[in-house]
Amino acid sequence: MNKIKLTILLFFLVAASVFSQEKKYITHQVKKGETVFSITQKFSISKADFLKLNPDIKNNEVSIDQVVIVPNSAYKAIPNIEDGDYVLDGFLYHKVLPQENYFRFRKEYGASKRVLRKHNEVLRVGDLKAGQVIKIPVRRGYKVKVKEVKAEDKTVKPYLVKPKETKYMISRRYGISVEELEKMNPKIKEGLKADTIINVPNRKEIPDAINDDSITHQIEKGETLFSLSQKFEISQEQLVLNNPELKNGVKVGEVIRIPKVLTLDSSQSFSENFSLNNNLKVAILLPFTTGKSSLDFDTDRTLNIVTDFYLGAEMALDSLKKQGVSISAKVFDTKSKLTEVSKIIKTNQFNDVDAVIGPLFLNNVKFVSQSLGSQNTAIISPLSSKDHSVFASKNTIQDTPSEEELSQKVLDYVKENFKDENLVVIKDDIKENQLQYTKQIGELRKIDSLGKLKILSPEKGYIRPDFFKRSILDNKENWVILLSDDPSVTNDVVQNLGAMPEKINITLFALHHNVNLNGNFEKAENQHLARVNLHYATENFIDENNNNVQQFIKSYKAKNHLEPSEYAFKGFDITYDALARMATFSMVNSAFSGGASERISSKFLYTKNGNRGFINKGIFLVKYDGLNLVDVEKVPAEKIEMTE
């Protein structure tokens, strides 16, 4: 298995090739010292035409590395005659052959000597000669088996695609559908790339929305104030408030603003729409540490986590591509070093990257957030549960809920579902934890129907068995709330409660649940956990009976020849969900405010992390049902298409 992982790891970078073709217009990247005047001279174009091609240029000034549209000096509106005869605007352009004469032209094309001289000045001053290129009017009834060349289409104009722009954004700007834009530019069906030139309608563009809190809409024939309110799920009063001109009626062709109503209500579901923005650039920053002299998967836990996460992320990329999302992904090895992260950011182009997945470690995430925070780039922190709000930028996404959020999930469930059970709280005597315990106990005391709240604490490192016996009732359901994350206290509680007679009804709620090395539940026995009906919160829950889980395991094994770990599931879920949102919305704020979603083993419900970015509060509450774990708040997961 480790050999398979090593093989995959050594080949994780994929190179992409690009191609170009001759076009009437090309792009030019402004070099140091160049001006509008020098560029127009270099490409033999008037200043007026140059500014018409590049309406974004302000004050007749260009900047270094700016991309502009210029004429292609190699472009030929009419093909070379050596390529064969062609028809343009009703004339056959023909290269005279040695054996040809006026008689043959009259017989073959119905064009007399007088007609030929009329349309070819060269024939008025001299005789017909082999090698001359002449124009022959194509008369009705004479079939010419040559290539017909279309005249330049004046109804379209060139447009330079800017970073972050989508087909949807451009089509709305020119009042056409995405399908019409694709018909004008067949190659963009495969994806839209920044700094490329496409055709758009030769008309004045509709101005963009003022900010990400609204969108623009050009009123179409038949639309009314009522139909607009229904279409955009907004009241007529709100429409008029944002567009006072609507007081005078709805006019076809008028451009109005539609305010977005963004909520973080868990009842709102995120809905994928890959037709809007199906061309994404992604950077994955993970500590593969490929520069090490040897890679030991048996002892290096971080290496296993990183590799499994990446293999899951690859599965997500494949799944999205299969659904029509064009993704360009680059993978970088951060080598677990801040200096390497800094080098990656400084030596690579990140200005047009839609999403950065990683790094893993908090200090590295902080550096990337501060370096790229001003861009419309989603910075996904995938695994760290520590507080990001102290450094996060507006686009930093903390995907792993904090320990506080997990604890709060359990407390909220107890408060919302309490029905006169016997409530017992168990805490430890660690000094630095007491303030938090006081706050949590205070929340429980606010339960309306709560009578007496029993609180147990250890003495000399453990809780006396007779304390348990006195606190637990035979004739009532017992809810035991374990506040502590101390392994000794946890083990003591589980053993004492697990050994009680079966006739006593007990449910144990743990505010902290960690089964890793030195975790508080590391030594707990499953039969005891099942006996006490353990409930706890987790950010990741793999239901082996779920069809999506089974399909993922099957697809993962087919591709990677090994079983997926929980980090492979995380890699898939985090990558898929983030990129699905970025493919649906053009702006980070909209993408991660777009509602709740559930993937294969993770939930995603993003809320503002203070004033800095977002934090995922998508959490499962699970319990032991016998020796099996089940989701207490069972919600069917969305079906995700897998690739074999």
Side-chain angles (χ1 to χ4, degrees), residues 301 305 382-387 398-417 423-428 430 432-433 436-437 439-441 443-444 456-458 462-463 478-498 506-544 565-567 569-570 573 598 601-603 605 615-634:
R301 183 169 178 267
I305 290 173
L383 300 184
S384 177
S385 63
K386 296 179 181 178
D387 183 15
Q398 182 178 343
D399 249 318
T400 298
S402 66
E403 288 292 328
E404 290 75 14
E405 294 293 343
L406 294 172
S407 298
Q408 193 62 46
K409 177 74 174 181
V410 179
L411 279 177
D412 289 343
Y413 181 84
V414 171
K415 291 187 293 182
E416 292 166 8
N417 293 275
L423 209 59
V424 181
V425 174
I426 299 177
K427 63 187 186 72
D428 57 46
I430 300 174
E432 53 265 33
N433 293 342
Q436 180 65 25
Y437 294 158
K439 178 183 175 182
Q440 292 166 339
I441 292 170
E443 285 194 53
L444 293 171
L456 301 183
S457 296
Y462 73 101
I463 299 174
N478 297 277
W479 279 14
V480 180
I481 318 298
L482 176 60
L483 306 184
S484 176
D485 63 353
D486 181 80
S488 298
V489 174
T490 300
N491 194 46
D492 192 23
V493 170
V494 172
Q495 284 189 351
N496 275 281
L497 294 179
I506 301 172
T507 298
L508 175 63
F509 294 90
L511 268 62
H512 303 273
H513 182 271
N514 192 336
V515 295
N516 295 327
L517 188 64
N518 298 322
N520 62 325
F521 276 87
E522 179 202 2
K523 296 180 180 179
E525 296 181 14
N526 281 345
Q527 61 266 30
H528 284 159
L529 300 178
R531 162 69 186 90
V532 299
N533 193 27
L534 175 66
H535 286 55
Y536 65 92
T538 176
E539 78 277 7
N540 193 49
F541 172 59
I542 301 170
D543 181 1
E544 299 286 350
S565 70
E566 67 172 288
Y567 291 101
F569 279 93
K570 276 179 177 283
D573 285 348
E598 183 175 340
S601 70
S602 304
K603 289 181 180 180
L605 174 60
I615 181 172
N616 178 26
K617 293 189 178 181
I619 298 171
F620 294 93
L621 186 72
V622 298
K623 69 175 182 178
Y624 273 81
D625 182 10
L627 294 178
N628 296 317
L629 279 177
V630 297
D631 185 354
V632 176
E633 306 164 307
K634 184 66 175 176

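Residue numbers count from 1 along this sequence.
With sequence neighbours left out, the side-chain hydrogen bond (donor to acceptor under 3.5 Å, both in side chains) criterion links Q495 to no other residue. Taking K386 as the reference, L362, S384 meet the side chain to side chain contact (heavy atoms under 4.5 Å, CB included) condition, with sequence neighbours excluded. Applying the salt bridge (charged side-chain N to carboxylate O under 4.0 Å, His left out) test to E443 and every residue at least two apart in sequence or in another chain returns K415. For K409, the side chain to side chain contact (heavy atoms under 4.5 Å, CB included) test picks out A537, I619, L621, E633, with sequence neighbours left out. Under the side-chain hydrogen bond (donor to acceptor under 3.5 Å, both in side chains) criterion, N616 pairs with no residue at all, not counting sequence neighbours. A search for side-chain hydrogen bond (donor to acceptor under 3.5 Å, both in side chains) contacts involving S601 returns N540, D573, not counting sequence neighbours. Y567 meets the ring pair (Phe, Tyr, Trp, His ring centres under 6.0 Å) test with no other residue; sequence neighbours excluded. The ring pair (Phe, Tyr, Trp, His ring centres under 6.0 Å) test applied to F521 returns H513, not counting sequence neighbours. Residues satisfying the ring pair (Phe, Tyr, Trp, His ring centres under 6.0 Å) test with F509, not counting sequence neighbours, are W479, H535. Scanning for side chain to side chain contact (heavy atoms under 4.5 Å, CB included) contacts around N433 gives D428, I430, Y437, D485, with sequence neighbours left out. Here K623 pairs with nothing under the side-chain hydrogen bond (donor to acceptor under 3.5 Å, both in side chains) rule; sequence neighbours left out.
Taking CZ of F569 as the reference point, atom CZ of F541 lies at 11.0 Å (rounded to 0.5 Å). Between the CG atom in L456 and the CG atom in L482 there is a gap of 11.0 Å [rounded to 0.5 Å]. The distance from atom OG1 of T538 to atom CZ of F620, rounded to the nearest 0.5 Å, is 8.0 Å. Note that the CD1 atom of I481 and the CD1 atom of I441 stand 11.0 Å from one another [nearest 0.5 Å]. The distance from the CG atom of N478 to the CG atom of N533 is 12.0 Å, given to the nearest 0.5 Å. Rounding to the nearest 0.5 Å places CG of D387 at 8.0 Å from OG of S402.
A salt bridge (charged side-chain N to carboxylate O under 4.0 Å, His left out) check over residues 527-544, counting only residues at least two apart or in different chains, returns the pairs E502-R531, E539-K570, D543-K634.
Residues A524 and V494 approach most closely at CB-CG1, 4.3 Å, considering heavy atoms. Taking every heavy atom of both residues into account, S484 and T490 meet most closely at O-OG1, 4.0 Å. Closest of all the heavy-atom pairs between A530 and G626 is CB-O, 2.7 Å.
Side chain of N491 to main chain of P487: no donor-acceptor pair is present (N/O by atom type, distance under 3.5 Å, no hydrogens or angles). Listed for the N520 side chain is a donor-acceptor partner under 3.5 Å among the backbone atoms of N514.
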Residue pair V493, L508: steps toward the side chain to side chain contact (heavy atoms under 4.5 Å, CB included) verdict: CA-CA 9 Å; V493 170; L508 175 63; 4.2 Å; yes
- prompt: Passes side chain to side chain contact (heavy atoms under 4.5 Å, CB included), S407 versus H512? Steps please.
  reply: CA-CA 6 Å; S407 298; H512 303 273; 3.5 Å; yes
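Looking at P401 and K617, their side chains never come closer than 4.5 Å, going by heavy atoms from C-beta outward. Residues V414 and L423 form a side-chain contact, since some pair of their non-hydrogen atoms from C-beta on lies under 4.5 Å apart. Between L497 and V480, some side-chain heavy-atom pair lies under the 4.5 Å cut-off.
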